[in-house]
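Note sheet for the following structure.
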2 protein chains.
Amino acid sequence: MTRPSSPWRVPPGDRARQHELKRDAVILTAARAFRERGYHNTSLDDIAAALHVTKPTLYYYVSNKEQMLFACFEEGLARLTVACDEARAAGASGRERLVALVHRYALAITSDFGWCMVRAEDQDLSPAMGARIKALKSGIDQEIRALIRAGIADGSIAVRDPKMAAFALAGALNWISHWYRDDASLSAGAIAERFVDLFVNGLAPRTRQAPSGKST
Amino acid sequence: MTRPSSPWRVPPGDRARQHELKRDAVILTAARAFRERGYHNTSLDDIAAALHVTKPTLYYYVSNKEQMLFACFEEGLARLTVACDEARAAGASGRERLVALVHRYALAITSDFGWCMVRAEDQDLSPAMGARIKALKSGIDQEIRALIRAGIADGSIAVRDPKMAAFALAGALNWISHWYRDDASLSAGAIAERFVDLFVNGLAPRTRQAPSGKST
DNA sequence: TAGGAATTCTACCAGCCGGTAACATCGCCA
DNA sequence: TGGCGATGTTACCGGCTGGTAGAATTCCTA
């Protein structure tokens with residue numbers, strides 16, 4: 001019974017570490033399957049098969065299917081949270097920090113867990129887990145708004161409604177996960193660059209260049 | 001269209017008209033249920049109960065559940081298509097037409113069918129129907145890109161990558177359906193207004209106002 | 001008022017899939 | 001080497017839900 005599975009054969013280490021690695025492999029495989037076929041169209045047997053394992057084995061690492069989705073959710077949102085933290089200490093002005101966030105956000109959203117953050121329904125989770133996810137999402141939103149407000153305060157951003165601006169920005173970024181699987185012709189960094197160009201300068205031509213500074 | 005509370009009691013008319021109205025009621029009720037609980041979390045019994053009817057009755061108007069989702073999809077996308085057509089003849093410059101599109105788009109996306117357009121997975125549909133949906137969606141995307149290119153041509157828009165700009169704009173608009181149910185503090189028109197402000201002028205302060213002109 | 005078509009209901013089925021029990025195997029350690 | 005926890009498997013269950021058969025009822029028309 002040799003198992004030629006890729007993510008399952010983890011390097012040696014103590015038992016606890018092995019267990020942790022295998023659990024991660026389960027979550028990652030689940031995330032990829034969900035992304036490809038959707039949560040409800042993915043059976044636990046599918047995930048198990050992708051790992052060359054049987055269904056009950058999954059239950060040794062995860063308590064149920066719902067928890068898998070939750071873990072994917074959490075993993076993806078954790079990356080976004082890290083992105084926010086990094087961005088907050090990235091630049092001088094509010095706008096520079098926001099630009100930094102866009103770059104990191106794009107990177108996170110194109111990851112395997114991007115789908116789970118964006119497309120998964122909170123309704124598929126228990127009220128408790130749904131509430132937790134909602135709180136995490138709201139935290140990201142508040143972070144974006146804070147950056148925008150900071151930019152307004154220091155004069156690097158001029159926008160009427162920070163909340164709507166945050167929604168628009170997050171929407172554009174989240175939406176990447178919808179089309180990126182089919183059209184990955186651009187890297188996350190390149191996408192972020194284009195988005196920054198659009199969001200910073202706007203659609204209307206600028207007669208005189210505002211104190212913008214070039215994007216790298 | 002029909003009364004929200006009890007759409008089943010339709011005004012008299014000939015048989016064919018009655019049938020059509022009731023079918024519309026089924027689709028609308030399905031759209032609302034899908035929006036509220038998600039496609040997979042909504043059973044046909046749920047939809048039937050909402051109409052004070054039993055499940056087999058639904059099958060008298062719709063061939064199966066998948067077709068319901070498809071009909072919702074189509075209905076929503078039809079509105080977007082209309083929005084595109086109207087926008088194309090709305091203003092003088094490409095930018096004005098694009099602004100008009102944003103307003104109509106926001107209206108469509110906040111409708112009952114907005115969810116189906118955006119959140120429903122093509123994977124829940126048969127390959128044939130999925131392909132049709134994909135084609136319709138692609139048409140909308142091309143329409144947006146065309147407006148942007150027209151704006152570039154007539155000088156009312158300055159943007160480096162029309163394709164990415166279209167993705168960003170569509171993403172921001174589509175994303176409305178994610179948060180609008182929980183936070184409907186703004187009307188679709190007000191949202192569109194804010195979005196236009198952001199997308200046209202950008203985040204960076206404009207020293208001298210570009211030839212933008214009116215904001216209603 | 002009879003008859004037929006349109007409409008809706010009761011009753012039911014079958015398959016999928018999440019989840020579990022109980023047994024088999026692996027691998028470390030005394 | 002024997003034993004024991006950690007892993008993993010086979011075999012199974014049961015409920016939910018999409019879908020259907022066929023009877024019942026309503027409604028128009030003659």
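Letters A, B, ... mirror the listed sequences (proteins, then strands); counts begin at 1.
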Inset, instruction - Please determine, by modelled atom types, if B:D124 and A:H40 share a side-chain donor-acceptor pair under 3.5 angstrom. - result: no
Legend entry - Whole angstrom value for the distance that separates P of D:dT7 from CZ of A:R23: 14 Å
Inset, instruction - Grab the NE2-P distance between B:H40 and D:dC16 for me, whole Å please. - result: 18 Å
Legend entry - Ionic contact status for A:E20 with A:R17, cut-off 4.0 Å: yes
Legend entry - Near-ring test A:F73/A:F113, centroid separation under 6.0 angstrom: no
Inset, instruction - Test B:T110 against every option in B:Y105, B:Y180, B:W115 by the side chain to side chain contact (heavy atoms under 4.5 Å, CB included) rule and name the one that passes. - result: B:Y180
Legend entry - Nucleotide C:dT8, atom C1' - distance to NZ of B:K22 in whole Å: 9 Å
Inset, instruction - Send over the distance from A:L44 CG to C:dC17 P, rounded to a whole Å. - result: 10 Å
Inset, instruction - Using modelled atom types only, decide if a donor and an acceptor are shared between the side chain of A:N174 and the backbone of A:A170 within a distance under 3.5 Å. - result: yes
Only pairs under 3.5 Å count here: list side-chain donor-acceptor contacts from residues 75-87 of chain A, not counting sequence neighbours, and write none if there are none.
residue, atom, partner, partner atom, Å
A:E75, OE2, A:R79, NE, 3.2
A:E75, OE2, A:R79, NH2, 3.4
A:T81, OG1, A:L77, O, 2.8
A:D85, OD1, A:R88, NH2, 2.8
A:E86, OE1, A:R104, NH1, 2.5

Legend entry - For DNA chain C, the residues among residues 58-68 of chain B that have a non-hydrogen atom under 4.0 Å from it: B:Y60, B:Y61
Legend entry - Nearest-angstrom distance from the residue atom CD1 of A:I47 to P of C:dC17: 12 Å
Inset, instruction - Mind calculating the distance between CG (B:D45) and C1' (C:dT10) to the nearest angstrom? - result: 13 Å
Inset, instruction - Rounded to the nearest angstrom, tell me the gap between atom OH in A:Y39 and atom C1' in C:dC17. - result: 12 Å
Legend entry - By ring pair (Phe, Tyr, Trp, His ring centres under 6.0 Å) - contacts of A:Y60 (at least two apart): A:H19
Legend entry - Of the listed nucleotides D:dA6, D:dG19, D:dC27, the one nearest the side chain of A:R15: D:dA6
Legend entry - Spacing between B:H19 atom NE2 and C:dA6 atom P, to the nearest angstrom: 10 Å
Legend entry - Sugar-phosphate, base or nothing in reach of B:T54, heavy atoms under 4.0 Å: base
Inset, instruction - Could you tell me whether A:T57 contacts a base, only the sugar-phosphate backbone, or nothing, with contacts defined as non-hydrogen atoms closer than 4.0 Å? - result: base
